[in-house]
A.B. asks: 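Quick one: the structure is below, questions incoming.
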Amino acid sequence: MKVLIVGGGGREHAIAASVAKSKKVDKIYCAPGNAGIGQIAECVPIGVMEFAKIVDFAKQKEIDLTIVAPDDPLVGGLVDELEAAGLRAFGPRKNAAILEGSKAFSKDLMNKYHIPTAAYETFDNAKEALAYLENADMPVVLKADGLALGKGVLICQTLEEAREGVRTIMEDKKFGSAGNRMVIEEFMTGREVSVLSFVDGKTIRIMSSAQDHKRAGDGDTGLNTGGMGTFSPSPFYTEEVDSFCREHIYQATVDAMAAEGRHFHGVIFFGLMLTEKGPKVLEFNARFGDPEAQVVLPRMKNDIIDVIDACIDGNLDKITLSFEDNAAVCVILASEGYPNAYEKGYPITGLERFNDNDSYFCFHAGTKTDGGDIVTNGGRVLGITATGATLQEARANAYEATQWVGFANKYMRTDIGKAIDEA
Ligand code: AMP
Ligand code: GLY
């Protein structure tokens with residue numbers, strides 16, 4: 001079969017690597033892809049929001065399955081457009097991707113169906129939000145309603161900061177129309193865990209847990225980024241946490257969406273916080289996380305096409321997911337300066353050491369080919385993933401492999417997975 005993957009980062013490279021392992025797949029295309037994806041797929045220069053071009057390409061090449069990986073095209077309804085053209089697609093339709101596309105929607109859903117999450121209020125004008133703040137406990141969390149590249153969440157320590165935050169979101173429109181509405185939410189403390197799952201509209205199957213590191217600097221300092229590294233499984237995701245979430249969160253979310261007539265077919269990412277009062281949902285994403293996918297997918301034993309087919313056709317109850325009894329750590333190699341300004345276009349050396357290696361993976365995020373070279377082309381450049389028998393071993397392997405590659409202005413955190421030692 002022929003598969004088209006929509007997207008072009010480390011997550012899409014990890015998905016492409018899983019798809020390439022399937023015996024059912026003869027040919028992979030990726031729009032737009034990157035230099036690493038180009039080694040296992042044919043990259044086509046079509047952007048993820050160019051829906052008409054994507055649909056035309058899929059029709060013309062007689063694509064059997066299109067996997068839509070990023071949030072923007074999912075929330076924008078690319079799956080609906082592919083289906084309307086008679087094409088088979090993996091990912092939630094627009095009416096279900098709203099689970100990620102609107103924080104107000106997801107909070108109201110959790111409230112209505114008693115899914116544990118932080119207390120909140122929703123506002124559609126700055127005046128009421130500012131009035132509400134006068135009696136709110138600090139710190140407080142402000143969230144722009146819509147998609148904001150993972151940056152639309154402000155944690156405010158003081159009333160003054162919170163007032164400023166409301167103005168930034170709702171009046172200055174720093175996150176554009178994402179800030180037409182906002183959620184103001186209780187501040188919670190605890191450890192964060194990411195849990196990815198496959199969903200077929202009614203059945204949910206949980207993947208192995210992971211933990212992201214969102215801040216740019218060591219010790220969780222500096223600016224929020226798209227993610228600087230991950231490990232899987234999370235030692236903090238205990239059996240007790242798992243059974244609580246199975247009872248109160250996972251199936252409840254799938255059932256709630258179905259009850260609302262918004263059957264979810266695809267991947268639900270549960271961003272959880274393990275609070276003193278038990279696990280609570282921080283956020284939902286309607287897709288694989290990045291870089292979570294870069295540690296979870298290499299450990300999955302199933303043929304990903306079987307699982308995706310089951311999600312689309314509603315047969316997921318027939319599938320048992322299984323994961324290697326090992327661990328994986330991913331360290332992101334970024335361009336110095338990310339997530340602010342950074343330079344690009346520098347040649348990358350040492351990539352060949354990852355070829356044909358089952359324990360070390362180099363997932364490309366921001367790379368492109370330039371003449372004969374592969375050069376840096378983004379803030380996050382590469383995701384270096386290694387497996388090991390234990391998390392400690394996987395971490396040591398991943399950091400060793402970060403030394404195999406070189407490029408100008410290479411930057412990474414040195415403490416990815418440090419929390420493992422506290423478990
Ligand atoms: P979100 O995009 O909703 O996951 O928020 C981004 C990050 O902000 C999360 O990963 C948390 O670190 C933090 N965060 C979000 N909501 C809360 C909350 N209610 N309390 C504390 N931290 C939060
Ligand atoms: N790693 C968090 C995300 O993909 O949103």
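First listed ligand is number 1; within each ligand, the first listed atom is number 1. As the structure is a computational prediction, the values presented were derived from the model and not from experiment.
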A.B. asks: Is Asp220 paired with Arg413 through a side-chain N to carboxylate O contact shorter than 4.0 Å?
C.D. replies: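 Yes.
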A.B. asks: Look only at interatomic distance and state if Met188 has a nitrogen or oxygen under 3.5 Å from any nitrogen or oxygen of ligand 1.
C.D. replies: yes
A.B. asks: Quick one: nearest non-hydrogen protein atom to atom 14 (N) of ligand 1, plus distance?
C.D. replies: Leu282 CD2, 3.9 Å
A.B. asks: Among all protein heavy atoms, pick the one closest to atom 22 (N) of ligand 1 and tell me residue, atom and distance.
C.D. replies: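 Checked against all protein heavy atoms, atom 22 (N) of ligand 1 sits closest to Ile155 CD1, 3.8 Å.
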A.B. asks: Mark the output for Arg287 as yes if a heavy-atom distance to ligand 2 is under 4.0 Å, and as no if none is.
C.D. replies: yes
A.B. asks: Counting heavy atoms only, name the option from Glu100, Glu186, Glu192 that's nearest to atom 9 (C) of ligand 1.
C.D. replies: Glu192
A.B. asks: Looking only at protein heavy atoms, which one is nearest to atom 19 (N) of ligand 1, and how far off is it?
C.D. replies: Glu185 OE2, 2.7 Å
A.B. asks: Compute the shortest N/O to N/O distance between Arg11 and ligand 2 and return yes if it is under 3.5 Å, no if not.
C.D. replies: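 Min N/O separation from ligand 2 is not below 3.5 Å for Arg11.
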A.B. asks: For atom 1 (N) of ligand 2, what's the nearest protein heavy atom and its distance?
C.D. replies: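 That would be Glu292 OE1, 2.7 Å.
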A.B. asks: With a 6.0 Å cut-off on the ring centroids, do Tyr338 and Tyr411 count as close?
C.D. replies: no
A.B. asks: Counting from 1, what ligand 2 atoms have a heavy atom of Asp212 closer than 4.0 Å?
C.D. replies: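 By the 4.0 Å cutoff, the relevant atoms are 1 (N), 2 (C).
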A.B. asks: Specify the protein heavy atom at minimum distance from atom 2 (O) of ligand 1: its residue, its atom name, and the distance to 0.1 Å.
C.D. replies: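 Closest protein heavy atom to atom 2 (O) of ligand 1: Glu283 OE1, 3.2 Å.
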A.B. asks: Looking at every heavy atom in both Pro70 and Val48, which two are closest together, and how far apart are they?
C.D. replies: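 Taking Pro70 first and Val48 second, the nearest heavy atoms are CG-CG1, 4.2 Å.
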A.B. asks: Is it the case that Asp212 and Thr230 place a side-chain donor and acceptor less than 3.5 Å from each other?
C.D. replies: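 No pair is found: no donor N or O on one side chain lies under 3.5 Å from an acceptor on the other.
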A.B. asks: Nearest to atom 8 (O) of ligand 1 by heavy atom, Val281, Leu154, Ile184, Val153: which?
C.D. replies: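 The option holding the nearest heavy atom is Val153.
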A.B. asks: Give yes if a backbone or side-chain nitrogen or oxygen of Lys214 is under 3.5 Å from a nitrogen or oxygen of ligand 2, and no if not.
C.D. replies: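 Among all N and O atoms of Lys214, none is under 3.5 Å from an N or O of ligand 2.
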A.B. asks: Run the ring-centre check on Phe57 versus Tyr29 and record whether the distance is less than 6.0 Å.
C.D. replies: yes
